[in-house]
Structure formats: C-alpha cells, structure tokens
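In what follows, a single structure is set out as structure tokens and then discussed.
Below, each value reflects all heavy atoms present in this structure, side chains not excepted, and no hydrogens, waters or symmetry copies. Note on naming: letters A, B, ... go to the chains in the order of the sequence lines (proteins, then strands), and numbering restarts at 1 for each one.
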2 protein chains.
Amino acid sequence: MALPTLSSRDKILDVAEALFARRGFEGVGMREIATAAGLGKSSLFHHFRSKPQLYYEVLGRVIERLHDRLAPVVASHSGSIEKLDRLIDVLVDALAEQPTTARLLLRALFEEDATAHDQLPEAIKCEQVLADTLEGIQRLLREGVDAGVFRSVSVAHTVQTLIGATVYHFASGELGDGLLGRPLLSAEAVSRRKEELHNLFHHGLVVRPA
Amino acid sequence: MALPTLSSRDKILDVAEALFARRGFEGVGMREIATAAGLGKSSLFHHFRSKPQLYYEVLGRVIERLHDRLAPVVASHSGSIEKLDRLIDVLVDALAEQPTTARLLLRALFEEDATAHDQLPEAIKCEQVLADTLEGIQRLLREGVDAGVFRSVSVAHTVQTLIGATVYHFASGELGDGLLGRPLLSAEAVSRRKEELHNLFHHGLVVRPA
DNA sequence: GTCTATACTACGATAGAC
DNA sequence: GTCTATCGTAGTATAGAC
C-alpha cells in the first residue's frame with residue numbers, strides 16, 4: 001500500500017542516479033533520462049533547469065544519505081576503536097545497500113565538466129556536506145591518535161586509505177568480482193570486507209600495549 | 001638533437017591520453033583530440049579506425065607501462081616483506097610520475113560504453129596484461145601468507161585494499177589535495193604516502209613474532 | 001504538468017580532392 | 001597523410017498548444 005506514489009521529481013532523481021552511476025555525466029542524455037522516467041524530454045526540463053543542475057541534485061542526495069548514516073557514528077561517545085569499527089561497518093553497509101553510491105562518488109572526483117559548473121547552489125551544497133562528513137572522520141582519527149590509542153599516523157593519508165578501501169572497493173565492478181571470485185555485493189563478500197578491514201586497521205593502526 | 005620527432009601516431013596517443021584521463025571516453029570528442037594534436041579530424045581517422053579503438057590503444061599503453069615496472073618486482077627473489085615494500089614504492093612512483101595513469105585506470109572500471117566494444121583486439125590485450133599484473137601481485141601476497149610472514153588474510157581483499165590505497169589515492173585530485181593540504185604529486189606528499197603505506201602494511205599485514 | 005515541434009550545435013564517421 | 005565537405009544522428013534547450 002503505499003508505494004507512496006513517487007512524485008515525478010523523485011522518479012526522475014532515481015532513474016538519473018542509476019544512469020549517471022553507470023555511464024557518467026557525459027555518457028547520459030537528458031532524452032534517455034526522460035524516457036526512462038516515463039516522460040517526454042521537455043517535461044524533464046520543466047522539473048530541472050539544466051543537466052548540470054540535475055546532476056548535482058542527484059549527487060547531493062547521495063552525499064546526504066551517506067552523511068546522515070555516518071554522522072551518528074562520529075558523534076557517538078564510545079572509544080576510538082569502537083568508533084572506527086562502527087564507521088567501517090556503517091560505511092560498508094551503506095555502499096553495499098546502495099550500489100550506485102560508490103560509483104557516483106568516485107565519478108564525482110573526475111567529472112570536470114560538471115566541476116565547470118561548480119558555482120551552482122546544488123554543487124556548493126554537495127561540497128559542504130562532503131566536507132563536513134570528511135571532517136567528522138578526520139576528527140575520529142585525530143582523537144584516537146591524540147589519546148594514544150592509534151599510532152601517530154597522518155590523519156589525512158589514513159582517510160584516503162579508508163576511502164580507497166571502501167568506496168573504491170565497491171565501485172570496482174567486474175574487476176572486483178573477478179578478484180573475489182564472487183559478486184562484490186554478495187552477503188559473504190560484504191561481511192568478509194568488514195572483517196578484513198577491521199583486522200587490517202586493528203593491527204595496522206591501533207597501538208598494542210607491549 | 002632528438003626530441004625524437006614524435007610520429008603523428010605517438011603525438012595523438014599522448015594528447016588522447018591526457019584528454020581521456022581528464023574527461024573520460026564520452027567527455028572527449030575526436031575533433032578535440034585531432035586539433036590538440038595539430039591535425040584535422042579526418043586525419044585522425046586515418047590513423048585510428050574508430051574512437052573505441054583509439055581509447056583502448058591509449059589504455060593499453062598505460063597498462064603496459066605499469067606492468068613493465070611491476071613485473072621485475074614480483075619476479076624478484078627477495079623476501080615477502082621486501083617485495084611488498086618494493087611493490088608499494090614502484091607503484092606509487094609510477095602513479096606519481098605519470099599523473100594520467102591513476103585516473104585512466106579507475107575510469108576504465110566504469111566506462112561501460114567502451115566495455116560495450118570489448119571484443120576489439122586492443123581491448124582484449126588490455127584485459128590480458130591487466131590480469132597478468134594482478135596475478136603477480138596476488139602471487140606475491142599468497143607466498144607471504146603461505147610462508148607465515150603475512151597474516152592469513154584474504155589475498156583478493158588485500159589486493160583491493162592495495163589498489164584503493166594507491167590508484168584511488170593518486171586519482172583523487174582536488175579532494176586529495178584538500179585533505180593533505182598540499183598537492184598529491186608534491187615530492188613530500190609522495191614520499192609520505194610510501195611511508196604511511198609501509199607502516200600500515202608492516203603493522204597490519206606482517207606477523208610479528210611475539 | 002505534459003506534450004509536439006523546433007533551433008542550433010556537436011558528435012562519429014565517410015568520400016574524395018590534393 | 002592531410003585536407004574540405006558532407007551525412008545522419010543525438011546533444012541541450014526553448015516556445016507554445018493542451
């Protein structure tokens with residue numbers, strides 16, 4: 001019963017998200033998005049002024065979804081190790097549940113054509129929420145280092161490693177499937193990914209009292 | 001004195017590599033490549049039959065460059081820890097010296113339009129060389145695990161982490177620059193990246209005798 | 001809010017002169 | 001080996017009827 005009668009706008013955002021994730025900003029046409037949403041091309045331009053604006057609204061939704069799941073973790077009052085474990089779990093689950101997220105985020109790093117329109121309010125919103133999310137992760141790591149729980153690593157480099165280990169992993173598609181010998185998004189592969197990352201960072205980041 | 005009179009073909013491959021790395025397969029037009037190489041569009045089609053063929057020749061060159069640098073490392077007869085360190089150093093240096101490599105490789109995971117042409121001989125060559133390179137890395141890790149030098153990790157997951165930690169890192173562009181507070185490709189950032197990765201994997205992967 | 005029709009530009013690719 | 005000219009298609013975006 002409610003399938004809550006998705007508005008045209010939300011329907012468009014959904015199909016655009018899937019298409020942009022698969023083929024990128026340049027690879028998708030407004031016509032294709034419109035017909036996939038069951039509309040004419042001109043109706044699409046009624047809902048979104050331009051292609052870059054639509055793209056950044058799609059990207060903004062994705063970043064916000066991620067932000068909303070990670071924010072409680074970094075704001076929680078547990079120890080640094082528990083927080084890191086929880087961060088990994090939540091991040092991996094989020095990327096696994098929404099398979100478009102990882103690719104859309106990685107693509108966003110590259111798409112210079114969209115970056116050419118980064119004065120758009122939708123683009124600025126994206127950057128702000130992303131920056132806030134990254135700051136939270138950095139804070140989590142910085143607190144662990146300051147408390148002597150983590151080694152005195154470079155926080156920035158560790159964030160990069162963490163992104164690579166999660167976002168890249170779930171964006172790696174057929175290459176990842178081939179390496180693992182099973183689908184990246186299968187339940188076993190997802191829980192194994194968490195386990196491997198927990199182990200890597202427990203051994204690699206946490207200071208063991210001799 | 002030689003500037004060795006770059007052939008038209010090589011000149012085209014160079015400019016196409018730069019453009020594909022920046023804007024992807026769909027984002028670059030044959031016309032743009034031609035004029036950037038100092039040719040007319042039709043002359044470009046004389047050297048390369050189609051856009052996908054040109055793309056895969058560019059990608060193949062990049063993958064082979066990487067393969068040629070990594071092959072001696074995985075074939076060498078040193079210990080697993082030394083090999084891993086050397087692998088990290090060579091990989092990081094290669095990605096830092098050729099800034100197009102990381103983006104081109106990551107993009108190649110996504111570009112489905114090019115993947116639609118994966119029956120091309122140039123595409124098959126790419127896949128073979130890449131597979132060979134990845135097998136070498138897997139062998140390196142497997143040997144370390146079997147020798148009891150490395151923890152009994154999933155080799156496939158560790159390869160994924162290694163790729164993320166290097167290829168993603170050097171493809172991360174402005175985001176990475178912002179996190180590090182300096183250019184990703186600066187000498188300090190590059191040598192710091194090696195150091196951080198050495199430390200992470202020494203602590204996180206190598207078995208310490210108690 | 002959705003449609004048809006249209007304007008204009010760029011795309012990949014080909015033909016044929018030089 | 002490079003050029004001009006051209007084909008057919010598809011791109012973003014707009015105007016205006018319903």
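Set against dA13(D), dC11(C), dG12(C), the side chain of Lys41(A) has dA13(D) as its closest nucleotide. Closest contact between the side chain of Leu39(A) and the listed nucleotides dC3(C), dG1(C), dT2(D) involves dC3(C).
Between Ser43(B) and dC3(D), a side-chain N or O to OP1/OP2 separation shorter than 4.0 Å is present. Contact annotation: His46(B) side-chain N/O to dC3(D) OP1/OP2 distance is not under 4.0 Å. At dT2(D), one or more side-chain N or O atoms of Ser8(B) fall inside 4.0 Å of OP1 or OP2 (strictly under the cut-off).
The interatomic distance linking Phe25(B) (CZ) with dC11(C) (P) rounds to 13 Å, in whole Å. Put simply, CZ on Arg31(B) is 14 Å from C1' on dC3(D), counting in whole angstrom units. Atom P of nucleotide dC11(C) and atom CZ of Phe45(B) are separated by 11 Å, given to the nearest angstrom. Atoms CZ (Phe48(B)) and P (dA13(C)) sit 13 Å apart, rounded to a whole Å. Nucleotide dG12(C) holds its C1' atom 11 Å from the CG atom of Leu44(B), rounded to whole Å. In this entry the distance linking NZ of Lys11(A) with C1' of dT2(C) reads 16 Å, nearest Å. One can place NZ of Lys51(A) at 15 Å from P of dT14(D), the figure rounded to the nearest angstrom. Distance CZ (Arg9(B)) to P (dT2(D)): 13 Å, rounded to an integer number of Å.
Using modelled atom types, one finds no donor on one side chain facing an acceptor on the other under 3.5 Å when comparing Glu122(B) with Tyr55(B). For the 3.5 Å distance criterion, the side chains of Arg193(B) and Thr161(A) qualify, holding a donor opposite an acceptor. Side chain to side chain, Glu17(A) and Thr100(A) meet the donor-acceptor criterion of an N or O pair below 3.5 Å.
Of the residues listed (Arg69(B), Gln98(B), Lys194(B)), the one engaging Asp93(B) in a side chain to side chain donor-acceptor pair (under 3.5 Å) is Lys194(B), and it is the only one.
Donor-acceptor pairing under 3.5 Å, judged by distance alone, is present between the side chain of Ser42(A) and the base of dA5(C).
By the 6.0 Å and 45° rule, Lys51(A) stacks over the aromatic ring of Phe25(A).
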